[in-house]
Amino acid sequence: MRVTYFKSSFLDIFIFICLKNGNGTLEGVVLDEIKFFWKEDDVISYIEKNNLEQVDEKLLEDQGVVSDLFNLINEYLSGKRINLYDKIKNLNIDLSFSKKFGTSFSQKVMEIVSKLNYGETTTYSSIGQKINSKAYRAIGSILRKNPIPLVIPCHRVLGRNGIGGFMGETDGGKEINLKKALLKLEGVV
DNA sequence: GAAGCCATTCACA
DNA sequence: TGTGAATGGCTTC
């Protein structure tokens, strides 16, 4: 378990990344978690609180895969039309969200969301139709637990009558503003 | 295990 | 508009 973070100058937020099983090689790198922080102090205290091993960014830059990962995320955040999910899978980085989502219901939800293209949006009800279920709230609570936002583009899932929630928040907090910023970035009005 | 909570939606008054 | 029922997984005791 190794963690690092960097600042996105475009969105003015800190992006925290947690990798598992990576020994500096391509083999067995698992992208475990992506989190957003608005202040650097918050990232640092999160890392300290959870006793995480922070990897020196310079060290990571020497390791092809990880720097490719950073570059991809930065390119995406600077407005380049790339689909992070596909690109990261091409890097042989394991996104195995199926391990985190045990039930077939939640796996289906995550699969549908992961296939959304750049700039493409859907709604909770539309996902429900695809998996033949009316449990819209259950879909929301699964997306809420998405460990790798941006890569699994849960910000592209909107409510029928509004933007819906993001990162556990439902009203006009900074999380929702971030969701709006990501949608704007992708050209979704 | 059971109860209660959720990033929802729809029907109906 | 507003209320209330349906929905299925997850968290918390």
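Note that the coordinates shown come from a computational prediction; the quantities given were computed from them, not determined experimentally. Proteins get letters first, then strands, A, B, ... in listed order; numbering begins at 1 in each.
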Starting at atom [atom1] of [X], determine the distance to atom [atom2] of [N], rounded to an integer number of angstrom.
X: A:Lys179; N: B:dA7; atom1: NZ; atom2: P; result: 11 Å
X: A:Met110; N: C:dC10; atom1: CE; atom2: P; result: 11 Å
X: A:Lys130; N: B:dT9; atom1: NZ; atom2: C1'; result: 17 Å
X: A:Ile163; N: B:dA7; atom1: CD1; atom2: C1'; result: 11 Å
X: A:Ile142; N: B:dT8; atom1: CD1; atom2: C1'; result: 13 Å
X: A:Leu158; N: B:dT9; atom1: CG; atom2: C1'; result: 15 Å
X: A:Arg144; N: C:dT7; atom1: CZ; atom2: P; result: 22 Å
X: A:Ile131; N: C:dT7; atom1: CD1; atom2: P; result: 14 Å

- Under 4.0 angstrom, heavy atoms only, what part of the nucleic acid is A:Glu175 near: base, sugar-phosphate, or nothing?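 Since no nucleic acid heavy atom lies under 4.0 Å of A:Glu175, the category is nothing.
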- Does the C:dG8 base have a donor-acceptor partner in the side chain of A:Ser141 within less than 3.5 Å?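 Checked by distance alone, the answer is yes.
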- Message: Quiz question: going by heavy-atom distance under 3.5 Å, is there a donor-acceptor pair between the base of B:dA7 and the side chain of A:Tyr124?
- Response: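 Check passes, donor-acceptor contact within cut-off.
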- For C:dT7, which nucleotide in any strand shown is its Watson-Crick or wobble partner with both distances under 3.5 Å?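 WC or wobble partner does not exist here.
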- Message: Both distances below 3.5 Å, Watson-Crick or wobble geometry, any strand: find the nucleotide opposite B:dA13.
- Response: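 Paired with C:dT1.
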- Query: So, A:Phe37 versus A:Tyr5, ring centres under 6.0 angstrom or not?
  - Reply: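 No, ring centres 6.0 Å or more apart.
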- Message: Is the phosphate of B:dC10 approached by A:Arg160 (side-chain N or O, under 4.0 Å from OP1 or OP2)?
- Response: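 True: A:Arg160 side-chain N/O within range (under 4.0 Å) of B:dC10 OP1/OP2.
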- Query: Can a side chain N or O of A:Arg137 be found less than 4.0 Å away from OP1 or OP2 on B:dC6?
  - Reply: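 Negative; the distance criterion is not met.
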- Task: Measure from the side-chain heavy atoms of A:Tyr136 and tell me the nearest of B:dT8, C:dT7, C:dG9.
- Result: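 Of the candidates, B:dT8 comes closest.
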Under a 4.0 Å N-O cut-off, is there an ion pair linking [X] with [Y]?
X: A:Arg156; Y: A:Glu186; result: yes
X: A:Glu111; Y: A:Lys115; result: yes
X: A:Asp32; Y: A:Arg2; result: no

- Let me know, please, whether A:Gly168 or A:Gln129 comes out on the 5' side of the other along DNA chain B by nearest nucleotide.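 Its nucleotide being nearer the 5' end, the pick is A:Gly168.
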- Item | Parallel, tilted or perpendicular, as decided by the 30° and 60° cut-offs, for the rings of A:His155 and A:Tyr76 |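 Tilted, since the angle between the ring planes falls between 30° and 60°.
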- Task: Starting from the 5' end of DNA chain C, give me the residue, A:Lys145 or A:Lys134, whose nearest nucleotide shows up first.
- Result: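 It is A:Lys134 whose nearest nucleotide is closer to the 5' end.
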